Trainee: 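Below is one structure. I have some questions about it.
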Amino acid sequence: MTTTDLHPAPPPHAAARRALLAGSAGNLVEWYEFGVYGCFATVIAANFFTVHGGSGAGSAAEGPGGDAAALVATYASFALAFFFRPVGALLFGRIGDRYGRRTALVLVIGLMTLATTLIGLLPTRADIGAAAPWLLTFLRVVQGLSAGGEFGGAVSVMVEYAPPGRRGLYGAWQSFTVALGLLAGAATAAALATVLPAAALYAWGWRIPFLLALPLGLVALWLRTALEEPPGGPPPAPGSAGSVGSAGSVGSANEATAPAGSATVREQVRAVGLGIGRIMGWSAAGYAFLVVLPSHLQSALGASFRDALLATTLVNLGFAASILPAGLLSDRVGRRPVMLGGALGVAVSAFPLLHVLQSPGASPQARAAAVLAAGALVGLLAGPGPAMLAEMFPRRVRCTGLGLSYALANAVFSGCAGLFVTALTARTGNTAVPAIYAATACALSAPALLTLRADDHREPLR
């Protein structure tokens, strides 16, 4: 077998760009919806989880005196969807590894688009009573399943199509479209809050962003049906998986002699666990800063709905601005220094940044700079993160392995972020809980990031 057989020539740039577009389109739709849900958490609490009210501006958790229990219930539904992500990662990851990346990606975007559109059509608690929150929770579970399969398939396509020395940049597009989706969700929510009276926003205006997911999803579906499988042929038939190298990567150079059976399973589990450790700070800080921030500013700090949405837009702008440069930088200097810098940066600066937001004497410019900096630090983790995970697993288990690592990390550290922050802040009165949460997770993630080898980004994909 020749070297060319082992490492096929890189695909034409046009095909790589088409794959990049198709792979990232679904992420934009997915995270647009998650951004909308985070921005409208107080409105959803009023319409679905508050027994009395929900149609007017005076309901639920519009400010510090709002219904904290309803907001906690809203985030419990949010967290439940995340705990179904690992199930989706296993289900659609196996489909992607056995039957091809395109099959899995088409299925997940269709399911996500359907569930998101149906949320926009749901009757509220005022219409059908206690059935409303259960229906909403069911659709969130469906979204969790599809979102769980999205990451593994999309990142696999992006990095497998990437030209030599560009895996970090290509993988960073997954995170960049996450930022675009969150920005689109925040911008849509901010526009509706500006244009519509509060009563109209609570009564029917909140439905508009969810219904907009339908045309977005149809475009993504069209792009994915035209997607070709990445170079290297169809995924090989499932067999014994590779061994774990010193960097925690499944499928090292001696994988042909790796023992099969339970030892191999343990090695895969170890690799998934190491992947979770490497991205737990990214998961926790990303949700604490990018998604939970609007409702925390309202319920804990007394900010208006519009001011909270403005802060969310700025933090996501900072996030988006740093992702692609971080991915590109990691192609040059390695994944470890970039991601470790982001994790330590969050751990050190989370409290000072939150202090600026809470300080009555802080200028608007200082607060804007604080949220922009918070988003940029998360981008240092999110830019190289997808390629780093993809490099840990061989092709035949890549969709499943990297998808499961990401889904489990997000289930624990992202899905629970809103529930944990809101409930603990309400119980203790400590408004620094988001900073504690993000800083602690990033500090704990640093030792796992130190296990990355300096040359992982230069090795060919297995």
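Just so you know, these numbers come straight off a predicted model, no measurement behind them.
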Trainee: Mind checking whether Asn27 and Met158 have side chains closer than 4.5 Å, heavy atoms only?
Mentor: yes
Trainee: Any chance you could measure Phe176, atom CZ, to Leu20, atom CG, to the nearest 0.5 Å?
Mentor: 11.0 Å
Trainee: To the nearest 0.5 Å, how far apart are CD1 in Ile279 and CG in Leu449?
Mentor: 10.0 Å
Trainee: Could you report the tightest heavy-atom contact between Leu211 and Pro215, atom names first, then the distance?
Mentor: O-CD, 3.6 Å
Trainee: For Thr451 and Arg278, test the side chains for any donor-to-acceptor distance below 3.5 angstrom and give the result as yes or no.
Mentor: yes
Trainee: Hey, does the side chain of Arg85 reach the backbone of Ala411 with a donor-acceptor pair shorter than 3.5 angstrom?
Mentor: no
Trainee: Please collect all salt bridge (charged side-chain N to carboxylate O under 4.0 Å, His left out) contacts where either partner lies in residues 321-333, sequence neighbours excluded, each pair once.
Mentor: Asp331-Arg335
Trainee: Could you go through Arg398 and Arg101, starting from their C-alpha distance and side-chain angles, then the distance that decides it, and tell me whether this counts as side-chain contact (heavy atoms from CB on, under 4.5 Å)?
Mentor: CA-CA 10 Å; Arg398 184 170 295 129; Arg101 314 312 194 206; 4.2 Å; yes
Trainee: What do the steps show when you test Arg102 against Thr225 for side-chain contact (heavy atoms from CB on, under 4.5 Å), and what is the final call?
Mentor: CA-CA 7 Å; Arg102 180 177 62 182; Thr225 54; 5.7 Å; no
Trainee: What's the separation between atom CG in Leu461 and atom OG in Ser156, rounded to the nearest 0.5 Å?
Mentor: 9.5 Å
Trainee: Please tell me if the side chains of Leu212 and Ile208 come closer than 4.5 Å, counting only heavy atoms from C-beta onward.
Mentor: yes
Trainee: Is the backbone N or O of Thr113 less than 3.5 Å from a side-chain atom of Thr116, with the two atoms forming a donor-acceptor pair by type?
Mentor: no
Trainee: Taking all non-hydrogen atoms of both residues, which atom of Leu381 and which atom of Cys442 are closest, and how far apart?
Mentor: CD1-SG, 4.3 Å
Trainee: Would one find more than 12 heavy atoms of other residues, nucleotides or ligands at under 6.0 Å from atom CD of Glu228?
Mentor: no
Trainee: Is any side-chain heavy atom of Tyr32 closer than 4.5 Å to a side-chain heavy atom of Thr188?
Mentor: yes
Trainee: Using a 3.5 Å distance criterion without hydrogens, assess whether the side chain of Asn316 forms a donor-acceptor pair with backbone atoms of Leu183.
Mentor: no
Trainee: Taking the side chain as C-beta and beyond, is there a heavy-atom pair between Ser330 and Met339 under 4.5 Å?
Mentor: no
Trainee: How long is the span from the CG atom in Leu408 to the CD1 atom in Ile276, to the nearest 0.5 Å?
Mentor: 4.5 Å
Trainee: Determine whether the side chains of Asp127 and Thr124 contain a donor N or O and an acceptor N or O closer than 3.5 Å.
Mentor: yes
Trainee: Is it the case that the side chain of Ser445 and the backbone of Gly277 share a donor-acceptor pair, with hydrogens and angles ignored and the cut-off at 3.5 Å?
Mentor: yes
Trainee: Looking at Leu90, Val272, Leu91, which one forms a side chain to side chain contact (heavy atoms under 4.5 Å, CB included) with Thr400?
Mentor: Leu90
Trainee: With side chains defined as the heavy atoms from C-beta onward, is the minimum distance between Phe289 and Val371 less than 4.5 Å?
Mentor: no
Trainee: Could you give the distance from CE (Met388) to CZ (Arg167), rounded to the nearest 0.5 Å?
Mentor: 12.5 Å
Trainee: Might you point out which heavy atoms bring Gly120 and Arg207 nearest each other, and give the distance in Å?
Mentor: O-NH1, 3.1 Å
Trainee: Considering all heavy atoms of both residues, which atom of Ser405 and which atom of Leu389 are nearest to each other, and what is their separation?
Mentor: CB-CD2, 4.2 Å
Trainee: Passes side-chain contact (heavy atoms from CB on, under 4.5 Å), Leu324 versus Trp173? Steps please.
Mentor: CA-CA 7 Å; Leu324 295 181; Trp173 275 93; 3.9 Å; yes
Trainee: Side chains of Leu121 and Phe210, heavy atoms from C-beta outward: is any pair under 4.5 Å?
Mentor: no
Trainee: Are Leu227 and Val106 packed together at the side-chain level, in the sense that at least one heavy-atom pair is separated by less than 4.5 angstrom?
Mentor: no
Trainee: Taking the six-membered ring for Trp, are Phe48 and Trp134 closer than 6.0 Å centroid to centroid?
Mentor: no
Trainee: Ring pair (Phe, Tyr, Trp, His ring centres under 6.0 Å) for Trp282 and Tyr287? Distances and angles first, verdict last.
Mentor: CA-CA 8 Å; Trp282 168 18; Tyr287 263 76; over 10 Å; no
Trainee: Counting distance only, does the side-chain N/O of Tyr437 pair as donor-acceptor with the main-chain N or O of Phe413 below 3.5 Å?
Mentor: yes
Trainee: Please report the shortest heavy-atom distance between Ser175 and Gly383, naming the atom on each side.
Mentor: OG-N, 4.4 Å
Trainee: Using modelled atom types and a 3.5 Å cut-off, is there a donor and acceptor pairing between side-chain atoms of Asn47 and backbone atoms of Tyr202?
Mentor: yes
Trainee: Is the shortest heavy-atom distance from the side chain of Arg395 to the side chain of Glu160 under 4.5 Å?
Mentor: yes
Trainee: Quick one: do Val142 and Phe138 satisfy side-chain contact (heavy atoms from CB on, under 4.5 Å)? Show the steps, please.
Mentor: CA-CA 6 Å; Val142 173; Phe138 171 74; 4.0 Å; yes
Trainee: Can you name the closest pair of heavy atoms from Ala200 and Leu196 and give their distance?
Mentor: CB-CB, 4.4 Å
Trainee: In terms of side-chain geometry, is the basic nitrogen of Arg224 or Glu150 positioned less than 4.0 Å from the acidic oxygen of its partner?
Mentor: yes
Trainee: If you measure from CE on Met112 to CG on Leu221, what distance do you get to the nearest 0.5 Å?
Mentor: 13.5 Å
